[in-house]
Structures are given as structure tokens and as C-alpha cells.
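Starting from 1, each residue takes its place in the sequence as its number. Counting starts at 1 for both ligands and their atoms, following the listed order.
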Amino acid sequence: MSQTPRRRVAVVGATGVAGQQFLVSLAAHPWFEVTALAASARSAGRTYREAITEASGQQRWSCEEPLPAEFAGRPVIDAASFDASSVDLVFSAVESDAARELEARFAPHVPVVSTSSAFRYEDDVPIVVPGVNHEHAALVKRQQRERGWKGYVVPIPNCTTTGLVVALAPLARHFGVRSVIMTSMQALSGAGRSPGVSSLDILDNVIPYIPKEEEKVQTETAKILGSLEGDRITPLDLPVSAHCNRVNVRDGHTECVSAGLGRAASPEEVCEVLAGFGRDFVDLGLPSCPPELISVTDDPYRPQPRIDRSLHDGMTTVVGRVRREPVLPNGVKLVLLSHNTKLGAAKGACLVAEYLVHRGLA
Ligand SMILES: NC(=O)c1ccc[n+]([C@@H]2O[C@H](COP(=O)([O-])OP(=O)(O)OC[C@H]3O[C@@H](n4cnc5c(N)ncnc54)[C@H](OP(=O)(O)O)[C@@H]3O)[C@@H](O)[C@H]2O)c1
């Protein structure tokens with residue numbers, strides 16, 4: 001790949017679960033240089049290390065990797081007064097209420113790649129998943145034209161939607177998908193830290209409700225698998241029924257998926273199509289891209305979050321237990337595992353930004 005000029009980037013929400021993962025993904029990144037760290041007024045005015053340290057002295061660093069030394073002493077600034085024109089691109093990792101206001105303030109100046117849901121459902125906003133629907137990124141031109149913005153907002157999906165669309169996209173392309181039933185077992189880190197899930201609530205337990213999650217999965221899946229025609233995304237006509245559960249796992253969302261296909265396909269055919277998915281995208285050679293988008297396992301006891309979530313640094317969706325689904329017409333069922341804070345948040349957003357650079361959109 002030809003030399004890409006380095007871009008100055010900001011991480012907004014840098015102190016949170018997703019924000020911390022951004023720092024890990026961006027340390028020593030070949031194209032992006034973090035020149036600003038921002039969070040709420042609570043953290044502003046402190047060094048990064050101070051901002052993630054409780055009054056008790058406990059450090060709220062939640063990544064497996066250590067805090068990259070280059071960020072520890074950096075100042076954290078108040079996102080509310082951050083001047084986005086001082087950077088080339090913003091990574092946003094804040095809750096949606098704050099994101100709605102902040103991203104609308106940044107996007108008139110620079111591209112914003114966001115992990116939040118604030119703009120996901122707007123007509124002129126693509127939800128981009130690398131390898132699945134990256135060509136939807138072209139919609140940012142409409143966003144810029146109609147809103148008069150120099151930049152734009154490109155959100156990634158909810159972290160539960162991510163694994164689901166990675167597995168469904170090859171099936172939709174090769175066989176068609178008519179209906180989907182998905183039951184998730186979602187990791188604790190997906191709930192973030194403010195307030196997150198209390199240990200007393202989750203220990204020895206499963207919580208069968210995650211507010212707004214099922215609706216997000218249903219709406220986002222149809223939009224992502226939809227087609228971009230001209231300046232408009234037509235969502236795929238696909239009923240999706242989601243049951244979302246919180247389980248006592250640190251990282252990695254497991255999803256049991258039953259899908260009715262457009263035509264009959266054997267489990268072997270399905271495995272072949274899944275394993276071959278996304279080679280063209282991988283061949284772009286983007287820095288955060290894994291060597292395979294889907295890894296198919298024939299071990300009937302896999303995928304398991306503790307064992308499989310870190311494959312290719314959490315950027316590969318692991319699929320197993322592919323078998324016939326007798327209840328749905330042309331049915332197939334499988335289990336998938338997707339790393340919610342890597343592919344489903346920070347490193348996935350970095351890959352989206354790399355694609356935007358590659359396309360000349362950032
Ligand atoms: N966790 C995941 O696996 C995951 C995956 C995909 C998407 N997401 C999305 O990513 C976003 C962040 O999630 P998270 O899990 O990282 O949450 P989190 O751990 O609670 O972190 C929230 C971050 O937002 C900052 N913040 C809160 N209010 C703010 C405000 N008014 N202005 C500026 N910054 C503010 C916090 O700063 P302070 O430390 O100063 O309070 C912190 O840096 C959410 O939209 C979430 O849905 C998360």
C-alpha cells in the first residue's frame with residue numbers, strides 16, 4: 001500500500017471501556033497519531049492516569065494490555081470545549097445522549113467515527129461494518145451536502161449487531177436470508193463502567209434484559225444488510241427476533257443464531273461460504289484488519305469466549321456448531337463469538353477509519 005500521510009486524531013470518551021480500547025488500538029498506529037484525549041468535565045484538567053484513578057487509589061484500567069506509557073501523563077480535556085478543527089478525525093466513545101450533542105458539534109469540521117448510537121438511525125448516516133457493507137460509507141457525501149458539514153458521522157453498530165451481521169452477510173449474499181432468531185449471551189464490558197453492571201447483580205446469575213438492545217439489533221441488522229441505491233439505504237426486508245441477555249463473562253458476546261435461508265443449503269456449504277467471507281476486504285491490507293473475518297471451528301464445544309475471543313486480536317468472528325435448523329424453512333443454526341470491545345468497538349472503529357482514509361473520504 002502506498003504511503004499514507006499521518007492523521008491527527010482525538011479520542012473522546014477516552015477514559016471509558018471503549019475509550020481505553022481506543023488507546024490500545026491507536027498506540028503505535030501507522031496512520032493515526034492521538035493528539036487529544038477528551039472526556040467529561042469530571043476528568044478534565046487531570047492527566048490520563050489521574051483521570052482513571054479513583055479516590056481510593058484504584059485504577060479503572062480495564063484492558064488486558066497495559067496502559068500505553070505514551071498516554072499516561074497526557075492531559076484530559078473537557079469534550080464540551082474541545083476544538084475539533086485541531087485534529088483530522090475524531091473517534092467518539094461516549095454514551096448516546098452526550099454523543100448527540102458532541103458529535104453534532106465536531107462533524108461540521110471533521111469526520112467522526114463513533115461507537116455510540118446517537119446518529120445510527122438517521123437516513124443520511126451509514127452504519128459501517130468493514131467487509132460487510134463498507135461501500136455504504138459513500139452516503140457520507142449526502143450527509144455533507146445536505147447538512148453543509150465538512151466532516152460527517154459514521155457510527156459502527158451496537159456490539160451485538162456486529163457479530164450477527166458478519167455471520168449473516170455471507171449467507172445473505174449466497175443463499176438469501178428470510179428470517180433470523182438470535183439469542184445473545186453478552187459480556188459485562190459491553191455495559192461500560194458508568195454505571196456498568198454491579199457484581200452482586202451478575203454473580204451466579206443471568207440478566208435477561210438489556211434496555212433498548214433488542215430493538216437496536218433488529219433495526220441495525222436490516223439497515224446494514226440493506227442496499228445503497230443512489231443516496232438512500234433500503235433496509236433488507238428481514239424479520240429479526242433478538243433475545244439479549246447479560247452473562248457473567250468479561251469480554252466477548254456469544255450469540256446463538258437460527259436463520260431461514262432463501263434456498264436450502266447444507267451445513268458444509270454454509271461453512272464453506274462463511275470461511276471464505278471477506279477475502280477482498282482483507283486483501284486491502286488495512287492496518288487493523290485481521291487475516292480472516294470469520295474463522296469456522298468444527299469443535300462442537302466452541303466457540304467459547306475465554307478461549308476464542310482474542311483470535312487475531314479480537315477482530316475475527318468465530319463461528320461454530322453449524323447445523324440444520326428444522327423449525328425454519330431452509331433453516332441453518334450456528335453459534336458465533338464476537339469481541340465486543342475490539343471488533344465491536346474501538347479496533348473495529350479504527351478499521352472503519354482506515355477504510356475511510358483508503359477511500360479518500362478522510
Ligand atoms: N463497552 C462496549 O463493549 C461497547 C461496544 C460498542 C459500543 N459501545 C458504545 O461506546 C460508548 C461508550 O461506552 P463505554 O462502554 O466505553 O462507556 P463507559 O465505560 O461508561 O465510558 C463512558 C465515557 O464517556 C465519557 N463521558 C460521559 N459523559 C460525558 C459527557 N457528558 N461528555 C464527555 N464525555 C463523557 C466518560 O468520561 P468520564 O470518565 O470523564 O466520566 C467516559 O470516558 C457508548 O455509546 C456505548 O454504547 C460500547
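Residue contacts with ligand 1, taken as heavy atom pairs separated by less than 4.0 Å, involve A18 via backbone and side-chain atoms alike. When non-hydrogen atoms are compared, ligand 1 lies under 4.0 Å from the side chain of A79 (C-beta onward) but not from its backbone. Contacts with ligand 1 closer than 4.0 Å are made by side-chain heavy atoms of R42 only, the backbone lying farther away.
Among H253, E220, Q218, R120, the one residue that satisfies the side chain to side chain donor-acceptor pair (under 3.5 Å) test with T161 is E220. Of the residues listed (R142, K141, R145), the one engaging D231 in a side chain to side chain donor-acceptor pair (under 3.5 Å) is R145, and it is the only one.
Numbered from 1 in the order shown, with element, the atoms of ligand 1 that lie under 4.0 Å from a heavy atom of T115 read 7 (C), 8 (N), 9 (C), 10 (O), 11 (C). Taking every non-hydrogen atom of S194 and a distance limit under 4.0 Å, the qualifying atoms of ligand 1 come out as 18 (P), 20 (O), 22 (C). Close approach of ligand 1 to A345 (heavy-atom distance below 4.0 Å) involves ligand atoms 5 (C), 6 (C). The contact set between ligand 1 and S43, taken as ligand atoms under 4.0 Å from a residue heavy atom, comprises 38 (P), 39 (O), 40 (O). Every atom of ligand 1 is numbered from 1 in the order shown, and the set under 4.0 Å from a heavy atom of T341 is 3 (O). Every atom of ligand 1 with a heavy atom of T15 under 4.0 Å away is listed here by number and element: 36 (C), 37 (O), 38 (P), 39 (O), 40 (O), 42 (C), 43 (O).
Not a single N or O atom of L102, backbone or side chain, sits closer than 3.5 Å to an N or O atom of ligand 1. Checked against a 3.5 angstrom limit, the closest N/O atoms of S189 and ligand 1 fall inside it. Not one N or O of G344 is nearer than 3.5 Å to an N or O of ligand 1, by distance alone.
Ring-plane geometry between W149 and F119 is classed as perpendicular, the angle between the planes exceeding 60 degrees on a 0 to 90 degree scale with a lower cut at 30.
Looking at heavy atoms from C-beta onward, Y48 lies in side-chain contact with Q20 at the 4.5 angstrom threshold. Side-chain contact between P239 and V180 is absent, with no heavy-atom pair separated by less than 4.5 Å.
For atom 3 (O) of ligand 1, the closest heavy atom belonging to the protein is N340 ND2, 3.1 Å. For atom 31 (N) of ligand 1, the closest non-hydrogen atom on the protein side is A98 CB, 3.6 Å. Closest to atom 21 (O) of ligand 1 among all protein heavy atoms lies G16 CA, 3.2 Å. Protein heavy atom at the shortest distance from atom 17 (O) of ligand 1 is E95 OE2, 3.6 Å.
Across the listed options A93, A39, A44, S116, A93 owns the non-hydrogen atom lying nearest to atom 23 (C) of ligand 1. Ranked by closest heavy atom to atom 25 (C) of ligand 1, the top entry among V17, V94, T161 is V94.
A cation-pi arrangement is absent between R6 and F32, since the terminal nitrogen or guanidinium carbon is not both under 6.0 Å from the aromatic centre and inside a 45° cone about the axis.
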Let me have the donor-acceptor pairs involving side chains of residues 292-299, under 3.5 Å, with sequence neighbours excluded, atom names and distances please.
residue, atom, partner, partner atom, Å
E292, OE2, H312, NE2, 3.2
T297, OG1, D299, N, 3.1
D299, OD1, Y301, N, 2.8

Check: residues 344-356 side-chain donor-acceptor pairs under 3.5 Å, at least two apart:
residue, atom, partner, partner atom, Å
K347, NZ, D313, OD2, 2.7
E354, OE1, S288, N, 2.8
E354, OE2, H29, NE2, 2.6
E354, OE2, S288, N, 3.4
E354, OE2, S288, OG, 2.6
Y355, OH, R359, NH1, 3.0

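R60 places a side-chain N or O within donor-acceptor distance of the main-chain N or O of A51, the cut-off being under 3.5 Å.
For E325, the CD atom counts as densely surrounded, since its 6.0 Å shell holds more than 12 non-hydrogen atoms of other residues, nucleotides or ligands.
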